[in-house]
A.B. asks: 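Can you keep this structure in mind? I'll have questions shortly.
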Amino acid sequence: MLDPKLIRNDIDNVARRLKVKRFDLDVAAISQLEEKRKSHQVETEALQSERNSKSKSIGQAKAQGQDIAPLLAEVASLGDRLETSKSTLGVIQKELNDLLLAVPNVPAEDVPAGDNEADNHEVLVWGDLPTFDYKPLDHVEIAADGAALNFDLAAKIAGTRFMTLRGDLAAMHRALIQFMLDVHINEHNYEEVYVPYLVNRESLMGTGQLPKFEADLFKINDARELYLIPTAEVPVTNIVRNEIIKDEDMPLKFVCHSPCFRSEAGSYGKDTKGMIRQHQFEKVELVQMVRPEASQQAHEELTQHAENILQKLQLPYRKVILCGGDLGFAAAKTYDLEVWLPGQDKYREISSCSNYRDFQSRRMQARWRNPGTDKPELLHTLNGSALAVGRTLVAILENYQQADGTVRVPLALQPYMQGKQELSF
RNA sequence: GGAGAGGUGGCCGAGUGGCCGAAGGCGCUCCCCUGCUAAGGGAGUAUGGGUUUAAAGCUCAUCGAGGGUUCGAAUCCCUCCCUCUCCGCCA
């Protein structure tokens with residue numbers, strides 16, 4: 001959520017900046033509602049104040065044994081007026097709030113203009129693309145012939161957009177998770193957390209998935225109204241919801257492995273083949289809560305932490321900064337890391353690292369105590385995949401494939417696989 | 001799943017209709033006293049919002065959450081959530 005004060009005082013500027021994100025802020029509707037809100041709130045609070053003081057004097061009169069009937073008469077009509085005023089205010093506030101909850105974050109100053117993926121700017125390219133003396137296979141051709149990777153089996157068990165892994169491939173999948181966690185914990189100084197995979201509405205509101213993107217989520221069909229997490233970002237970031245973090249505990253740096261569940265409504269027809277787009281996948285997620293002035297620097301570092309995984313695995317990739325039109329709802333700025341997939345002959349997203357600034361914090365009331373002012377202030381949140389495990393597996397299969405149909409195990413991963421150097425299918 | 005007890009400020013804990021945003025204690029901050037240590041005295045110490053910006057002032061809300069009763073609710077009623085104890089079940 002954007003700062004209501006900013007929207008009140010500088011709405012045209014906010015609208016202008018949101019244009020970069022291809023979002024049309026309804027300035028007229030908001031200004032009008034805001035005006036109504038103000039007058040009704042002032043009126044309601046005045047009535048409340050009056051009622052409070054009258055009630056107090058009734059109490060005092062009663063304590064002194066005086067007749068309170070005249071006072072009661074005085075207050076009689078107050079209740080109704082207050083009731084009316086309150087409910088009108090409630091309606092206005094809800095309307096305004098619903099409107100504001102649907103307004104995306106303002107992009108950072110250095111976010112390039114653009115409509116979609118095609119307009120993202122390349123920041124760097126890393127690694128040499130592998131060369132093959134045959135047409136490189138895609139991961140499905142490499143692994144799905146045998147039992148190692150099986151979509152039909154998963155379809156029987158669950159449905160489309162699921163997969164099963166068996167044997168060495170399942171082990172490599174697990175090894176990747178372990179490897180990534182170890183690097184982030186030991187080299188990048190993150191604290192590992194384990195969190196619920198089912199979360200409530202408030203948590204999803206906090207990070208911005210709700211109310212706008214309900215269709216992308218799997219919802220549990222019972223009275224508890226829980227949702228399967230689409231990313232560990234949701235439970236991990238919500239650790240600080242309604243909290244005031246001590247300055248000496250900042251910044252908080254969490255790493256979390258979790259499964260992710262996405263309904264991917266509207267994605268049908270895209271990536272129907274293979275494990276690129278699944279309803280369930282594993283991810284190792286980095287989350288940071290930092291002092292506001294530190295978030296830009298933290299964003300660069302966090303992205304570098306994700307890049308380090310790709311570099312250790314010797315996977316060629318490029319880093320792009322998302323243009324306004326491609327930027328997510330809650331993000332102020334995002335770097336995507338795209339890994340090279342020889343089977344597709346292109347770069348594909350494997351990580352997305354975002355700075356949310358105070359957008360999520362404001363929704364969550366996540367604060368830190370600024371020692372300069374000694375007051376609670378909104379902190380900044382960031383997160384990034386480091387990395388999406390399934391897509392990393394795809395990248396290894398395709399980049400490390402050999403003419404005889406086997407796949408080499410990246411050097412960094414071998415200690416996590418009992419020294420195994422090669423997978424065959 | 002069954003039975004019971006609870007949820008109050010950073011923590012402990014009082015409060016069962018008005019004088020309560022909340023006693024008292026602990027902790028923390030500042031000051032005083034004291035040649036160290038220990039002890040003692042005083043003051044302060046929740047969060048969010050509104051009031052055209054900031055500060056002050058004024059004001060509203062918040063005692064797990066949401067409704068209700070009442071002129072007035074931490075306190076009474078209803079629903080939900082959570083915690084604890086015992087029994088059952090269980091990885």
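Reminder, nothing fancy here: chain letters follow the sequence lines and each chain counts from 1.
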A.B. asks: Tell me, which of residues 25-45 of chain A have any heavy atom that sits under 4.0 Å from an atom in RNA chain B?
C.D. replies: A/Arg37, A/Lys38, A/Gln41, A/Glu45

A.B. asks: Measure from CG on A/Asn242 to P on B/rG9 and round the result to the nearest Å.
C.D. replies: 14 Å

A.B. asks: Hey, is the side chain of A/Arg201 poking within less than 4.0 Å of OP1 or OP2 on B/rC81, counting only N and O atoms?
C.D. replies: no

A.B. asks: The side chain of A/Asn9 lies closest to which of these nucleotides: B/rU52, B/rG48, B/rG50?
C.D. replies: B/rU52

A.B. asks: Atom CG of A/Leu198 to atom C1' of B/rC81: distance rounded to whole Å?
C.D. replies: 17 Å

A.B. asks: Does A/Asn52 place a side-chain N or O at less than 4.0 Å from the phosphate oxygens OP1/OP2 of B/rA61?
C.D. replies: yes

A.B. asks: Restricting to non-hydrogen atoms, name the atom on A/Ser85 and the atom on A/Thr44 that form the minimum distance, rounded to 0.1 Å.
C.D. replies: OG-OG1, 2.7 Å

A.B. asks: Do the side chain of A/Lys56 and the base of B/rG18 come within less than 3.5 angstrom through a donor-acceptor pair of N or O atoms?
C.D. replies: no

A.B. asks: At less than 4.0 Å, is any side-chain N or O atom of A/Ser49 found next to OP1 or OP2 of B/rC60? Yes or no.
C.D. replies: yes

A.B. asks: In chain order, what residues pass the ring pair (Phe, Tyr, Trp, His ring centres under 6.0 Å) check against A/His188, with sequence neighbours excluded?
C.D. replies: A/His184, A/His305

A.B. asks: Strictly under 6.0 Å, is that where the ring centroids of A/Phe329 and A/Phe213 end up?
C.D. replies: yes

A.B. asks: Is A/Arg51 close enough to B/rA61 that one of its side-chain N or O atoms is under 4.0 Å from OP1 or OP2 there?
C.D. replies: yes

A.B. asks: To the nearest angstrom, how far is A/Arg362 atom CZ from B/rG48 atom C1'?
C.D. replies: 13 Å

A.B. asks: Can you check whether A/Arg367 has a side-chain N or O nearer than 4.0 Å to OP1 or OP2 of B/rG48?
C.D. replies: yes

A.B. asks: In whole angstroms, how far is the P atom of B/rA61 from the CG atom of A/Leu47?
C.D. replies: 12 Å

A.B. asks: Does A/Arg369 put a side-chain nitrogen or oxygen below 4.0 Å from OP1 or OP2 of B/rG10?
C.D. replies: no

A.B. asks: If we take the C1' atom in both B/rU79 and B/rC26, what is their distance in whole Å?
C.D. replies: 37 Å

